Amino acid sequence: MLPNQKRQLLKTITLFFVNAFLLSVVLLIKKDFTLRGFSDAAFISGAVLFLFGLLKLLATKGAYDYIGYTFIRFRDMFRKDATKSYPDAYSYVEHRKEERLKNKEKFYLELIIPGLFLIAALILALLA
């Protein structure tokens, strides 16, 4: 197995167990062990991790590059040497684009696994 495939498999297993852990925490907090309780817990855990996956997807597609540039400029204000890390926001965004082209990440599993929990919640809600 290739190292990239191992990493992807580890991410998948970890994401599944984190989702299952959140499901059990929500289930224990609500103390509702009926079919409806399982449906609610699966929906909450799936929705939370699905939204985190969407945020990560947006971040890697460049939606927050200008915010990142703002933090770099803020950090540069407090440096003793007055050199800028990047001359302007455009050069920073272009640098980030080049980095993204080199390291393409796939986010299918980060959205599919929580999506499966959301589908399971829908099925359980229909059965309850």
Side-chain angles (χ1 to χ4, degrees):
M1 189 178 274
L2 296 172
N4 196 17
Q5 289 175 335
K6 276 186 181 180
R7 196 173 114 220
Q8 193 69 19
L9 181 65
L10 184 64
K11 277 171 117 176
T12 303
I13 292 170
T14 304
L15 185 61
F16 181 79
F17 281 116
V18 165
N19 215 334
F21 176 74
L22 279 175
L23 185 139
S24 61
V25 166
V26 170
L27 199 60
L28 290 173
I29 288 173
K30 289 185 71 170
K31 295 179 184 173
D32 183 13
F33 299 105
T34 62
L35 201 55
R36 185 57 142 182
F38 278 101
S39 170
D40 292 346
F43 178 78
I44 291 170
S45 66
V48 166
L49 288 181
F50 190 80
L51 290 175
F52 277 121
L54 281 177
L55 283 175
K56 187 176 176 188
L57 177 68
L58 285 173
T60 57
K61 294 295 182 184
Y64 306 120
D65 283 350
Y66 288 104
I67 295 171
Y69 177 72
T70 303
F71 281 108
I72 286 176
R73 292 287 297 153
F74 187 71
R75 180 198 66 196
D76 288 346
M77 281 185 352
F78 295 104
R79 290 176 116 178
K80 289 188 180 190
D81 56 345
T83 61
K84 292 181 181 179
S85 299
Y86 297 95
D88 57 357
Y90 179 77
S91 61
Y92 174 74
V93 170
E94 289 300 314
H95 173 73
R96 295 289 296 164
K97 281 183 189 175
E98 290 172 8
E99 285 181 1
R100 277 193 293 278
L101 288 176
K102 290 179 193 173
N103 306 325
K104 286 194 173 191
E105 285 192 54
K106 297 178 181 161
F107 288 94
Y108 306 118
L109 290 175
E110 279 102 350
L111 296 174
I112 288 175
I113 301 227
L116 290 175
F117 274 77
L118 288 172
I119 291 170
L122 176 68
I123 292 170
L124 287 174
L126 291 174
L127 292 175

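Here the structure is a predicted model, which is why all the values come from computation and not from measurement.
- To the nearest 0.5 Å, atom CG of residue Leu27 and atom OG1 of residue Thr34 are 8.5 Å apart.
- Atom CG of Asp65 is separated from atom CD of Glu94 by 10.0 Å, given to the nearest 0.5 angstrom.
- Taking OG of Ser45 as the reference point, atom CG of Leu23 lies at 4.5 Å (rounded to 0.5 Å).
- Under the 4.5 Å side-chain criterion, counting only non-hydrogen atoms from C-beta, Arg75 is in contact with Ile72.
- Taking the six-membered ring where tryptophan is involved, the planes of Tyr92 and Tyr69 are tilted, since the angle between them lies from 30° to 60°.
- In this structure, Thr14 OG1 and Leu9 CG are separated by 9.0 Å, a value rounded to the nearest 0.5 Å.
- In this structure, Ile44 and Leu22 have side chains that are not in contact, with every pair of non-hydrogen atoms separated by 4.5 Å or more.
- The pair Arg96-Glu99 meets the salt-bridge criterion, with a side-chain N (NZ, NE, NH1 or NH2) lying under 4.0 Å from an Asp/Glu carboxylate O.
- Contact between Leu15 and Pro114 at its shortest, heavy atoms only, is CD2-CD, 4.0 Å.
- Under the 6.0 Å cut-off for aromatic ring centres, Phe50 and Phe43 do not qualify, their centroids lying 6.0 Å or more apart.
- Across every non-hydrogen atom of Ala125 and Arg36, the tightest pair is CB-NH1, 3.5 Å.
- Residues Leu111 and Leu10 do not share a hydrophobic cluster, defined by chaining ILVMFWY side chains whose heavy atoms lie under 4.5 Å apart.
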Go through the steps to decide whether Leu55 and Tyr64 satisfy the test side-chain contact (heavy atoms from CB on, under 4.5 Å), and finish with yes or no.
-> CA-CA 10 Å; Leu55 283 175; Tyr64 306 120; 3.3 Å; yes
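- Atom NZ of residue Lys102 and atom NZ of residue Lys97 lie 15.5 Å apart, to the nearest 0.5 angstrom.
- Taking the six-membered ring for Trp and the full ring otherwise, Phe78 and Phe74 have centroids separated by under 6.0 Å.
- Counting heavy atoms of neighbouring residues, nucleotides and ligands inside a 6.0 Å radius, atom CZ of Phe16 does not exceed 12 of them.
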May I have the step-by-step check of side-chain contact (heavy atoms from CB on, under 4.5 Å) for Ile113 and Leu49, ending in yes or no?
-> CA-CA 9 Å; Ile113 301 227; Leu49 288 181; over 6 Å; no
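- At a threshold of 4.5 Å between side-chain heavy atoms, the hydrophobic network of Ile, Leu, Val, Met, Phe, Trp and Tyr places Leu35 and Ile123 in one connected group.
- For the side-chain hydrogen bond (donor to acceptor under 3.5 Å, both in side chains) test, no residue two or more places apart in sequence or in another chain qualifies with Tyr66.
- Under a hydrophobic-cluster definition in which Ile, Leu, Val, Met, Phe, Trp and Tyr are linked whenever side-chain heavy atoms come within less than 4.5 Å, directly or via other members, Val25 and Val18 are assigned to different clusters.
- Under the 4.5 Å side-chain heavy-atom criterion for Ile, Leu, Val, Met, Phe, Trp and Tyr, Leu127 and Phe33 are members of the same hydrophobic cluster.
- Residues Leu122 and Leu118 fail the side-chain proximity criterion, which asks for heavy atoms closer than 4.5 Å.
- Cluster annotation: Leu126 and Phe38 are assigned to distinct hydrophobic clusters (Ile/Leu/Val/Met/Phe/Trp/Tyr, side-chain heavy-atom contacts under 4.5 Å, transitive).
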